[in-house]
Amino acid sequence: MALLGVQLGLTMVIVSIVSKFGSRYSLARWLLCNTGLIRYLHPSDTELRELGGVPKDITSKGKSKGKLNKDLKHPDVFHVPKSIDLQLDTVKVSAIEVMNLKFYDDYHWVLDFSLYATIVYLLTEVYYGLFNPAAEMNLSVFWCLMSLGMSLRALCSITGIYFSGDEVMGERALCLVMGCIYLLVAMMLLIVDERNLEVGVDSAYKSFYENALQFMEKQGVENIGPASKLIIKFTLAILSAFLGVLFTFPGIRTSKMFFDSLKYYSSRPFLMTLIYITYGLPLLLIMLWIKPMGRYVFTEAPMGPQGENLMSETTFESFRLVLVVLLVVCRIVVMPFFLQSFLNVAQAKLYEQRKEAGRILNTDIQKQVAGIYYYLCIVALQYVIPCLICLHATFLYKTLGDFQWLGSYGDNLSLYPRNETLRLNPENFTSNNETVQPAVQQLSIALASLKLVFNGTVYRGLFGFFTWWSIFLMVSSTAVGSLYISYLSRA
């Protein structure tokens, strides 16, 4: 059987469609420009002069007026009272304007490429579900890995803003503090027994250690074995802390938009229910990986009407995977409402400003209003990237960990039975057909040998922990944001 087979043709078709229609049809642009988002226009100098009672020729008046404006270096810069009744004009977000926003290219590529990767993955899953091509390399894995790489790179670029310049020292300190906290939390969680928290790291290391030793013995390599469990867990803790730093401000931003959405959409009960679901579902997901609260309740405890279990082991695994996908879909659905809540901050800030005494420069008001729209793509990235990371980590966890989307019912839909021996035995990749190219045959044998070392147990441990940790970061970062908004901001 071909090493790539139908998947290569599928990938070429998707690439061809993207090259022809990608610039014309874009999910990223549609979410910003075709979902009814409105932005607020900053007030003009003329409007501010009229509302503030500032004469146009103020700079040419007496000495006392000159003292009041001695810090003004331009005739178009003037002070207005903070308590002015300023109502901002609105306009729909347009594609021409949004293309000039900061980080728009990153937002466009991350979201659209994630969509293409998801389409390739779903089509590949249908192909694998029907035909079980055991000897083929799953190309959708590389699509998901590239999507993860693009998402992490964009998130690193945004987080890097907090480490450049002296104006963001508070944000930089918060990132460092949260990184230290997440490092400590990750080290504590990695020593928890798998009978309580079933992320699968211990069983993954055990399988990797045994198979790696056998592989090195067959190759005649003298070695004391792979790295120790302590080194691997400490490395995982460092990577987890780094990911926690990246998730810190996206979680705080999401919490702010969540509370604003509750205020603006309180008259729409269905939307309110959906917003609550998207905000609370991650907490349910991290509890499903805690064995006494998840697997025991659904697969071991007699909870059924006749005393039977609610579901089987494989169905429970599929249930967790489907819930993660449902969470991402719900968050994408409510994304325009969250972004509109962010854009409404421009007018809300002016309402809060009326309660303050004193005067403010007209340019400061204009920058304050325009800056909200200027950071729209950054906020959109901070909202959507954690969802995409969880989604594609779940895809990798399911595919490389040999799970099923439909649990025990998935095997009945396949046209061909699964042959695990063919998947893992390198001897099955040898062929007596002289037409088979030696390079392809050797590559097949090498890949099959590596599968013996990096088997499903290893991948279940790596991507199981990565998936659970990503969801945990969504919960913890939004909890930090809720704490800050509810208590610290008021203080």
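Keep in mind it's a predicted model, so treat the numbers as computed, not measured. Numbering starts at 1 and runs along the sequence shown.
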*Asks:* Which heavy-atom pair separates Leu281 from Leu323 by the least distance, and what is that distance?
*Replies:*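 Looking at all heavy atoms of both residues, the shortest contact is CD2-O, 4.0 Å.
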*Asks:* So which atom in Ala28 and which in His108 form the shortest heavy-atom distance, rounded to 0.1 Å?
*Replies:*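 Looking at all heavy atoms of both residues, the closest pair is CB-CA, 3.8 Å.
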*Asks:* Tell me if a side-chain donor or acceptor on Ser16 pairs with a main-chain N or O of Met12 at a distance below 3.5 Å.
*Replies:*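 Absent.
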*Asks:* With side chains defined as the heavy atoms from C-beta onward, is the minimum distance between Ile378 and Lys102 less than 4.5 Å?
*Replies:*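 They are in contact (side-chain heavy atoms under 4.5 Å apart), so the answer is yes.
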*Asks:* Taking atom types as modelled and ignoring hydrogens, do the side chains of Ser255 and Thr478 form a donor-acceptor contact shorter than 3.5 angstrom?
*Replies:*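 Short answer, no.
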*Asks:* For the CG atom of Leu246 and the CE atom of Met178, what is their distance to the nearest 0.5 Å?
*Replies:*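 Between Leu246 CG and Met178 CE, I get 12.5 Å after rounding to 0.5 Å.
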*Asks:* Any salt bridge linking Asp260 with Lys256? Criterion: basic side-chain nitrogen under 4.0 Å from a carboxylate oxygen.
*Replies:*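 Lys256 and Asp260: salt-bridged.
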*Asks:* Do Arg320 and Tyr397 come within less than 4.5 Å of each other through their side chains, counting heavy atoms only?
*Replies:*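 Yes. Closest side-chain heavy atoms under 4.5 Å.
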*Asks:* If you compare all heavy atoms of Gly456 against all heavy atoms of Asp402, which two are closest, and at what distance to 0.1 Å?
*Replies:*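 Looking at all heavy atoms of both residues, the closest pair is CA-OD2, 4.2 Å.
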*Asks:* Quick check: does any side chain N or O of Ser164 sit under 3.5 Å from a backbone N or O of Ile161, one acting as donor and the other as acceptor?
*Replies:*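 Confirmed, Ser164 side chain pairs with Ile161 backbone.
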*Asks:* Rounded to the nearest 0.5 Å, how far apart are CG of Leu236 and CD1 of Ile231?
*Replies:*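 Here the interatomic distance stands at 12.0 Å.
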*Asks:* So, Ser486 side chain and Leu483 main chain: donor-acceptor pair closer than 3.5 Å or not?
*Replies:*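 No: the side chain of Ser486 does not pair with the backbone of Leu483.
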*Asks:* Are there more than 12 heavy atoms of other residues, nucleotides or ligands under 6.0 Å from atom CZ of Phe142?
*Replies:*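 Not more than 12 within 6.0 Å, no.
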*Asks:* Count the heavy atoms of every other residue, nucleotide or ligand shown that sit under 6.0 Å from OH of Tyr265, and state whether that count exceeds 12.
*Replies:*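 Yes - once you tally the heavy atoms of other residues, nucleotides and ligands closer than 6.0 Å, there are more than 12.
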*Asks:* Using 4.0 Å as the upper bound for N to carboxylate O, is an ion pair formed by Asp112 and Arg29?
*Replies:*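 Salt bridge absent between Arg29 and Asp112.
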*Asks:* Return the minimal non-hydrogen interatomic distance between Thr457 and Ser203, and the atom names on each side.
*Replies:*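 Where Thr457 meets Ser203 most closely, the heavy atoms are CG2-O, 3.6 Å.
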*Asks:* Is the NZ or CZ atom of Arg460 positioned over Phe465's six-membered ring, under 6.0 angstrom from the centre and within 45° of the axis?
*Replies:*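 No - Arg460 does not lie over the ring of Phe465 by the 6.0 Å and 45° rule.
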*Asks:* Any side-chain heavy atom of Val98 within less than 4.5 Å of one from Tyr104?
*Replies:*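 Sidechains of Tyr104 and Val98: in contact.
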*Asks:* Is the CZ atom of Phe242 crowded by more than 12 outside heavy atoms at less than 6.0 Å?
*Replies:*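 No.
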*Asks:* At what distance, to the nearest 0.5 angstrom, does CZ of Phe463 lie from NZ of Lys398?
*Replies:*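 The NZ atom of Lys398 is 14.0 Å from CZ of Phe463, to the nearest 0.5 Å.
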*Asks:* Rounded to the nearest 0.5 Å, how far does CG of Leu37 lie from SG of Cys33?
*Replies:*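 The distance works out to 8.0 Å.
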*Asks:* How far apart are the C-alpha atoms of Leu388 and Met150, what are their side-chain angles, what is the distance that settles it, and do they pass the side-chain contact (heavy atoms from CB on, under 4.5 Å) test?
*Replies:* CA-CA 10 Å; Leu388 298 178; Met150 294 181 66; over 6 Å; no
*Asks:* Find out whether Asp106 and Leu381 are in side-chain contact, i.e. whether some heavy atom of one side chain is under 4.5 Å from a heavy atom of the other.
*Replies:*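 They are in contact (side-chain heavy atoms under 4.5 Å apart), so the answer is yes.
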*Asks:* For Thr399 and Tyr121, does a side-chain donor sit closer than 3.5 Å to a side-chain acceptor?
*Replies:*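 Side-chain D/A pair, Thr399 to Tyr121: present.
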*Asks:* Side chain to side chain donor-acceptor pair (under 3.5 Å), that's the test. Do Thr315 and Ser312 meet it? Break it down for me.
*Replies:* CA-CA 5 Å; Thr315 305; Ser312 63; 2.8 Å; yes
*Asks:* Run the ring-centre check on Phe113 versus Trp143 and record whether the distance is less than 6.0 Å.
*Replies:*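 Yes, close enough.
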*Asks:* Got a second to check how far Met99's CE is from Cys377's SG, nearest 0.5 Å?
*Replies:*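 That separation rounds to 10.5 Å.
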*Asks:* Are Phe472 and Trp469 close enough that their ring centers fall under 6.0 Å?
*Replies:*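 Yes, close enough.
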*Asks:* Tyr373 ring centre to Arg39 NZ or CZ under 6.0 Å, with the angle to the axis within 45°?
*Replies:*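 Checked: cation-pi criterion met.
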*Asks:* Is any side-chain heavy atom of Leu288 closer than 4.5 Å to one of Phe316?
*Replies:*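 SC-SC contact between Phe316 and Leu288 confirmed.
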*Asks:* Carefully, step by step, assess Leu10 and Tyr127 under the rule side-chain contact (heavy atoms from CB on, under 4.5 Å).
*Replies:* CA-CA 10 Å; Leu10 175 63; Tyr127 171 63; over 6 Å; no
*Asks:* Heavy atoms only: give me the nearest Ser151-Val110 pair and the separation to one decimal.
*Replies:*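 Nearest heavy atoms, Ser151 then Val110: OG-CG1, 3.8 Å.
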*Asks:* Whether the Tyr279 and Ser482 side chains hold a donor-acceptor pair (N or O, under 3.5 Å, no angle test) is what I'd like checked.
*Replies:*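 Indeed, the side chains of Tyr279 and Ser482 share at least one donor-acceptor pair under 3.5 Å.
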*Asks:* How many angstroms lie between atom CD of Glu125 and atom CD of Gln404, to the nearest 0.5 angstrom?
*Replies:*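 So the CD of Glu125 and the CD of Gln404 are separated by 8.5 Å.
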*Asks:* Answer whether the closest heavy-atom distance between the side chains of Ile158 and Phe249 falls below 4.5 Å.
*Replies:*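 Not touching, per the 4.5 Å side-chain cut-off.
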*Asks:* Taking side chain as C-beta onward, heavy atoms only, is Leu32 less than 4.5 Å from Tyr107?
*Replies:*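 Yes; the side chains approach each other to less than 4.5 Å.
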*Asks:* Are the side chain of Thr278 and the backbone N or O of Cys330 linked by a donor-acceptor pair below 3.5 Å?
*Replies:*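 Here the side-chain-to-backbone pair does not exist.
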*Asks:* Please determine whether a side-chain nitrogen of the Lys or Arg among Glu313 and Arg295 lies less than 4.0 Å from a carboxylate oxygen of the Asp or Glu.
*Replies:*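 Between Arg295 and Glu313 there is a salt bridge, with a charged N closer than 4.0 Å to a carboxylate O.
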*Asks:* Check step by step if side chain to side chain donor-acceptor pair (under 3.5 Å) holds for Ser341 and Ser261.
*Replies:* CA-CA 6 Å; Ser341 299; Ser261 299; 2.9 Å; yes
*Asks:* Any ion pair linking Glu194 and Lys291 (charged N to carboxylate O, less than 4.0 Å)?
*Replies:*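 Glu194 and Lys291: not salt-bridged.
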*Asks:* Can you check whether His392 reaches Phe395 side chain to side chain, under 4.5 Å on heavy atoms?
*Replies:*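 Yes - at least one pair of side-chain heavy atoms lies under 4.5 Å apart.
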*Asks:* Please lay out, stage by stage, how Phe338 and Arg331 fare under the test side-chain contact (heavy atoms from CB on, under 4.5 Å).
*Replies:* CA-CA 9 Å; Phe338 275 59; Arg331 289 220 167 187; over 6 Å; no
*Asks:* Where is the tightest heavy-atom contact between Tyr182 and Ser477, given as atom of each residue plus distance?
*Replies:*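 That would be OH-N, 3.7 Å.
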*Asks:* Counting heavy atoms not belonging to Tyr116, are there more than 12 under 6.0 Å from its OH?
*Replies:*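 Correct, the count exceeds 12.
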*Asks:* Walk me through it: do Ile332 and Val384 pass the test side-chain contact (heavy atoms from CB on, under 4.5 Å)?
*Replies:* CA-CA 7 Å; Ile332 297 297; Val384 76; 3.6 Å; yes
